[in-house]
Number of protein chains: 4
Amino acid sequence: MKPLSSKAEARIHAQRRRILLAAQQCFIEYGFHGASMASIAETAGMSAGLIYRYFESKNAIILAIVRQQLEMLRGDLSLNRKVDLAAEIAAHYGTANAQREHGMNAALLLEISAEATRDPAVAAALDEFDDTLRTGLIDWLSRPTGSGGQGLPATLAPRRALILQCLVEGLKVRETREPDLDRTLLATALHEVVPLLLAAPRK
Amino acid sequence: MKPLSSKAEARIHAQRRRILLAAQQCFIEYGFHGASMASIAETAGMSAGLIYRYFESKNAIILAIVRQQLEMLRGDLSLNRKVDLAAEIAAHYGTANAQREHGMNAALLLEISAEATRDPAVAAALDEFDDTLRTGLIDWLSRPTGSGGQGLPATLAPRRALILQCLVEGLKVRETREPDLDRTLLATALHEVVPLLLAAPRK
Amino acid sequence: MKPLSSKAEARIHAQRRRILLAAQQCFIEYGFHGASMASIAETAGMSAGLIYRYFESKNAIILAIVRQQLEMLRGDLSLNRKVDLAAEIAAHYGTANAQREHGMNAALLLEISAEATRDPAVAAALDEFDDTLRTGLIDWLSRPTGSGGQGLPATLAPRRALILQCLVEGLKVRETREPDLDRTLLATALHEVVPLLLAAPRK
Amino acid sequence: MKPLSSKAEARIHAQRRRILLAAQQCFIEYGFHGASMASIAETAGMSAGLIYRYFESKNAIILAIVRQQLEMLRGDLSLNRKVDLAAEIAAHYGTANAQREHGMNAALLLEISAEATRDPAVAAALDEFDDTLRTGLIDWLSRPTGSGGQGLPATLAPRRALILQCLVEGLKVRETREPDLDRTLLATALHEVVPLLLAAPRK
DNA sequence: TATGAATGAGCATTCATTCAT
DNA sequence: TATGAATGAATGCTCATTCAT
């Protein structure tokens, strides 16, 4: 085995990206099981056989897509800085990102969630994502306001994190059902409600 | 065409239920497309051919399951009376109802939502469900407290209904991911937060 | 085994006729293989299972239909009396006899002919029919004019019989293709040509 | 879509021919509906799945066979030159061409005719064939003898064309029933009769 | 590296036939 | 006698995967 030249490595990487991009489009349109390898190959502009040089199986592609999408979602919701959470969430709703190469697609999230109930590898990836997101949320909620957090008491933070997580996921589901939902309504609602969730209850 | 005897009708009904029950199990375990007619037949304890005496196609079974599940969910969330919404929601979480014949199954809801992005008939059923649920919620929120409602102003009710709907759906998604989630944590969180969502903002 | 009362026998006969009539309609509409036992049963207004009390199998029904149709055709072309053959043939063309209970149906003849190339029993029935028809034709052609024949020399008769048989069969085929063929054209053509085929060549 | 290399095109063509040849054999032996894709695949020496790379469906194969056979028949009966029609027709009878790759097969013609009563695409192909054949015949009959025609009056030609067409078709049917018919008898009969059909009636 | 021809297992669906009632 | 529920084998077709080129 020759060591791979960095040029060769770059090519491999590029091909994998090409395949994943095509797969993403197909999965969004037809679902994981409705999309055929042939359709992915055609979308990627390559032969079906070639895909198997870069991915072991269709399942491996699904898993790669899952990981990629979760990584994106993690990036989207980075809570390192002081954020207007309501605005962030509202901004992410329905920005037709099926075509864009980046940005978690709502339909894909459904597909992934459904697949996780069957494929243990997908479930594991989703679990890990859930954990880091929850931990991140709890940390952000409980960190002092001065450090860019919300200053919630340690007992309160996990509860609010759970609620926020559900709300965000619920919004993703809603996105697939009402892509044309009134954005102003949504933004208003979120700006009303999110602050309530981020604040400690008044005595 | 002879009129069916009530006995024959009962048998037909029973068989359809047997098939739907088996289909539900298979769909939960393998998904709509992963479950084969053969697996459904085996689960139902009958031959594959017989199923077609009671359902026109696999798609018809899927649609029947979809409608059945949505009907259940509608029943679960009936808002006709004065309810402790937080308690209701919490109580519905994760009561392992895959085996039970009734009760909306969280995994199925995912499957249904994913399928709705492709199958127009499923989408229509889901849309109708969404509409009645939303309308019901808005009505309940805006009705005066005396009539079993929450007495929210008419402008506020739609926004809170949207948020509540997302929260509930998000919880259903979460149920598939964390079936063993700490119920006390969830109940506490909901009892803290739901009242905030049901109340008009203080001046 | 009790001997059958003549009443029971009559019932059996009636049931068989009912089935055959229904089968004929279905076979004309869908072909021998396209017609299902269920469709025949429905057309006959009885259950599928009951048919098997009167016929051993679908193939037996086909064979019975074949025999029945050939018997009809034999009757249609009876050459016992002095006939105007051209007029006879022309008269039989396209008289929408699909609905009528009697009269050989052109589509069925095709179906039968095709089936004969595969089913030996059908082939045998058809062979026997062919033989009697040919023999009848030859006899009629060679019988003296005084006895209702055509008075053709014995060497000539078989050749003319062959041609006539082909012509008649060809007309049956044409009937399925051009059910709306101009009858006057056909009648004129036949009246021109048939006499030529029935006459001895001039010196 | 890359343009196909001529080599690839040739392969595709060869495979299609292989499939059609196999299908023809199976259709002759079992009929359009009796022949299974599996039997065709086995006869062609390939897997059933592969056939679908070259034909969209079984129906497409049937239609291709229909068109091919009609094209052959059209070629067989080309009337461009001065022909001895009786000899031509006689020569075509029963030359066991089931095995040969070319030459209209009589059994297939029956199958096609029967299928035309149900499948509109087959009916259309057959109609078109009928039309061109009839037109060709009429033209040939009415063209002056000097131009290779038969010089029949314009009013007479259509009638004789109809009769000739029926006779030829009837002979094809007979071919399936009496493959061993005495050829001399047939040739003699045709040579006696065809000239009568091609001549204007004597005053 | 890249192709796409080829496979074979699997799928939904149909249907002649049987049999308990 | 009559029903129609039930079976099981077969059918047309799809698709992930392999492999000769």
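Here is how names work: the chains are called A, B, and so on, in the same order as the sequence lines, proteins then strands, and each is numbered from 1.
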Paired stems touching DNA chain E, three or more consecutive Watson-Crick or G-U pairs with both distances under 3.5 Å?
E:2-21 with F:2-21
For E:dT7, does either OP1 or OP2 sit under 4.0 Å from a side-chain N or O belonging to D:S47?
yes
Could you check whether A:S36 gets within reach of a base, just the sugar-phosphate, or nothing at all, counting any heavy atom under 4.0 Å?
sugar-phosphate
Has B:R11 got a side-chain N or O lying under 4.0 Å from the OP1 or OP2 atom of F:dA6?
yes
If we only count heavy atoms from C-beta on, is the B:N105 to B:Q69 side-chain gap below 4.5 Å?
yes
Let me know, please, whether C:A38 or A:Q15 comes out on the 5' side of the other along DNA chain E by nearest nucleotide.
A:Q15
Counting C-beta onward and ignoring hydrogens, is there a side-chain heavy-atom pair between C:Q25 and C:I40 closer than 4.5 Å?
no
Nearest-angstrom distance from the residue atom CZ of C:F32 to C1' of E:dC15:
18 Å
Nucleotide nearest C:K58 (side chain, heavy atoms from C-beta), chosen from E:dT17, F:dC13, E:dT7
E:dT17
Relative to the 5' end of DNA chain F, which residue comes earlier, C:G45 or A:E56, by the nucleotide with the nearest heavy atom?
C:G45
Give the C-alpha distance, both sets of side-chain angles, the deciding distance and a yes or no for side chain to side chain contact (heavy atoms under 4.5 Å, CB included) between B:R18 and B:M46.
CA-CA 10 Å; B:R18 209 167 129 215; B:M46 60 175 66; 3.6 Å; yes
In whole angstrom, what separates A:F55's CZ from F:dT18's P?
16 Å
Quick check: do C:I61 and C:I51 have side-chain heavy atoms less than 4.5 Å from each other?
yes
Do C:K58 and C:F32 have side chains that get closer than 4.5 Å, going by heavy atoms?
no
Considering heavy-atom distances to DNA chain E, does B:G34 or C:M37 have its closest nucleotide positioned more toward the 5' end?
B:G34
Are any non-hydrogen side-chain atoms of B:L50 and B:R53 less than 4.5 angstrom apart?
yes
May I ask you to check if D:R16 and D:F55 form a cation-pi contact, with NZ or CZ under 6.0 angstrom from the six-membered ring centre and within 45° of the axis?
yes
Can you tell me the distance, in whole Å, between the CD1 atom of D:I51 and the P atom of E:dG8?
14 Å
N or O in side chain of D:Y52 less than 4.0 angstrom from F:dC15 OP1/OP2:
no
As a test of reading the structure: which of F:dT1, F:dG4, E:dG8 is closest to the side chain of B:R53, going by heavy atoms?
F:dG4
Whole angstrom value for the distance that separates C1' of F:dT1 from NZ of C:K7:
14 Å
A:A35 near the nucleic acid: base, sugar-phosphate alone, or nothing, with a heavy-atom cut-off under 4.0 Å?
sugar-phosphate
Taken to the nearest whole Å, OH/B:Y54 to P/E:dA12 is 20 Å
I want to confirm an ordering. Mapping A:H33 and C:G49 to their closest nucleotides on DNA chain F, which one lands closer to the 5' end?
C:G49
D:L50 CG - F:dG12 C1' separation (whole Å):
15 Å
Determine whether D:L110 and D:S113 make a side-chain contact, defined as any pair of heavy atoms from C-beta on separated by less than 4.5 Å.
no
Atom-pair distance (CD on B:E9; P on F:dA5), nearest Å:
12 Å
Separation of atom OH in A:Y30 from atom P in F:dA16, rounded to whole Å
13 Å
